[in-house]
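Chain A is the first sequence line, chain B the second, and so forth, proteins listed ahead of strands; every chain is numbered from 1. All of these numbers come straight from a predicted model, not from anything done at the bench.
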Amino acid sequence: MKKYKFFNFLLPFLGVVLLTLLLHWQKAPAQSSSIHLTMGNPSGAVTNTSYPNNYLLSKSQYALSYNNTTRIPNWVSWQLNNSWLGSTPRQDDFRADTSLPSGWYQVQGTDYQGSGFDRGHMTPSADRTNTVTNNSATFLMTNMIPQAPDNNQGPWANLENYSRDLVVNQGKELYIISGGYGSGGTGSNGTKYTIANGKIQVPARTWKVIVVLDTPGSGVSGVTTNTRVIAVDMPNSQGIRSDNWKTYRVSVDSIESNTGYNFLSNVSTSIQSVIEARIDNL
DNA sequence: CTGACAATC
DNA sequence: GATTGTCAG
């Protein structure tokens, strides 16, 4: 009898503990737990097949909003710091992303062949060289957009190299978001609006937003009105190969108005309004 | 000139 | 795997 009385005494406490755990478990999926979405979720993407054109794919290596109409990501977002970098060689295993919801077309590793467009990485292979698994993940076709070779291998690649330099040689931590917008690009076989028999759309422009944190690990609170933000918007076209990426710098505000996305939404609006209006000039 | 990175065939 | 091209050191 004594034992039962003791249990009755404990019951309310047990109830509170269980309820607290339950609430936490329910809340967990709702928030963007991904480190790659530290600065925000630009389109409010959710992992819900009711929104096939803004479907959140959250991987340990990066997060993205997939568009099942264009068959390319709306945006891809990833963290870049020293811990992601190592000596793993490029895996080159371009392949379909089988994690897409069943019934959706899966862009094949071969779908860009003969199109005149590169399978342009959003999260670069060279930004994930710490393990074979992480490098290989960048070759999933959901991380690709059809990119004009002169864009991808020219100023776009140079900005990627510059970004890694900020991490390796200046100790920065970056939060990067990139994608395309508009319709119709000019690749090595001319202007196209779609490739792969109309299955995949070709964007007219490619854009990128890079938040440069002086203190790795400082997160959103490391962002001040002095924080450097590099944003670029360049044509998805041939003929720009030898252009300096710096000539394509714009404000985050201009990319927001062209894409309809809201960047850095986890940063206080008073800081956002300053750093999103500024055009990088370093 | 070489190595790293972006690719294609 | 071989080849092409750019860039940084």
Side-chain angles (χ1 to χ4, degrees), chain A residues 61-62 64 71-73 76 78-97 107-172 174 176-180 185-192 195-197 200 202-203 205-208 210 212 230 232-249 280 282:
Chain A
Q61 299 85 4
Y62 52 87
L64 63 85
R71 300 319 185 353
I72 58 176
V76 182
W78 67 102
Q79 178 198 57
L80 180 60
N81 60 31
N82 243 317
S83 73
W84 294 103
L85 302 178
S87 54
T88 302
R90 183 184 168 95
Q91 297 300 299
D92 264 322
D93 50 350
F94 292 94
R95 63 200 187 283
D97 189 338
V107 173
Q108 301 298 297
T110 52
D111 275 346
Y112 287 29
Q113 273 179 15
S115 69
F117 291 89
D118 285 355
R119 295 170 290 191
H121 285 72
M122 292 294 92
T123 306
S125 163
D127 281 8
R128 294 289 180 265
T129 52
N130 57 335
T131 67
V132 169
T133 300
N134 289 345
N135 183 261
S136 182
T138 71
F139 288 87
L140 291 167
M141 293 306 291
T142 47
N143 183 43
M144 307 289 168
I145 68 173
Q147 237 173 319
D150 283 359
N151 168 304
N152 187 37
Q153 300 172 31
W156 191 264
N158 294 342
L159 175 56
E160 290 177 347
N161 290 335
Y162 178 82
S163 302
R164 279 186 296 275
D165 186 74
L166 289 176
V167 171
V168 173
N169 295 320
Q170 298 186 45
K172 309 293 191 186
L174 312 182
I176 309 173
I177 313 122
S178 77
T186 307
S188 57
N189 291 335
T191 299
K192 298 193 175 180
I195 60 173
N197 297 315
I200 305 166
V202 180
R205 314 273 310 179
T206 63
W207 56 265
K208 184 173 252 184
I210 304 171
V212 184
I230 304 167
V232 297
D233 181 341
M234 54 183 82
N236 192 19
S237 306
Q238 294 296 79
I240 68 168
R241 180 175 290 262
S242 53
D243 291 356
N244 191 317
W245 65 265
K246 291 186 174 182
T247 65
Y248 292 110
R249 287 183 290 194
D280 179 66
L282 289 182

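Non-hydrogen atoms lying under 4.0 Å from DNA chain B are contributed by A:Pro124, A:Ser125, A:Ala126, all within residues 122-146 of chain A. Within residues 156-165 of chain A, the residues approaching DNA chain B are A:Glu160, A:Arg164, by heavy-atom distance under 4.0 Å.
Whole-Å rounding puts the A:Ile240 CD1 to C:dC7 P distance at 12 Å. The distance between atom CD of A:Gln91 and atom P of C:dG1, rounded to the nearest whole Å, is 12 Å.
When side chains are defined from C-beta on, A:Asp127 does not count as touching A:Thr138, because their heavy atoms never get closer than 4.5 Å. A:Gln91 has its side chain out of reach of A:Ser125: every pair of non-hydrogen atoms, C-beta onward, lies at least 4.5 Å apart. Counting heavy atoms from C-beta outward, A:Ile145 and A:Phe117 have side chains that stay 4.5 Å or more apart. In this structure, A:Lys208 and A:Glu160 have side chains that are in contact, with non-hydrogen atoms separated by less than 4.5 Å.
The two residues A:Gly116 and A:Pro149 have their closest heavy-atom pair at O-CD, 3.4 Å. Residues A:Pro73 and A:Met122 share a closest heavy-atom pair of CG-CG, 4.4 Å. The two residues A:Tyr62 and A:Ala137 make their nearest non-hydrogen contact at OH-O, 2.7 Å. Nearest approach of A:Trp156 to A:Trp207, heavy atoms of both residues: CH2-O, 3.3 Å.
Note: A:Phe139 and A:Phe94 have perpendicular aromatic rings, judged against thresholds of 30 and 60 degrees for the angle between ring planes.
Within 4.0 Å of A:Tyr112, counting heavy atoms only, lies no atom of the nucleic acid at all. Among the protein residues, A:Gly154 comes within range of no part of the nucleic acid, since none of its heavy atoms lies under 4.0 Å from any strand.
Of all nucleotides in DNA chain B having an atom under 4.0 Å from a heavy atom of chain A, the first and last in 5' to 3' order are B:dC5 to B:dT8.
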task = Show your working on side chain to side chain donor-acceptor pair (under 3.5 Å) between A:Thr131 and A:Asn134 and close with a plain yes or no.
result = CA-CA 5 Å; A:Thr131 67; A:Asn134 289 345; 3.3 Å; yes
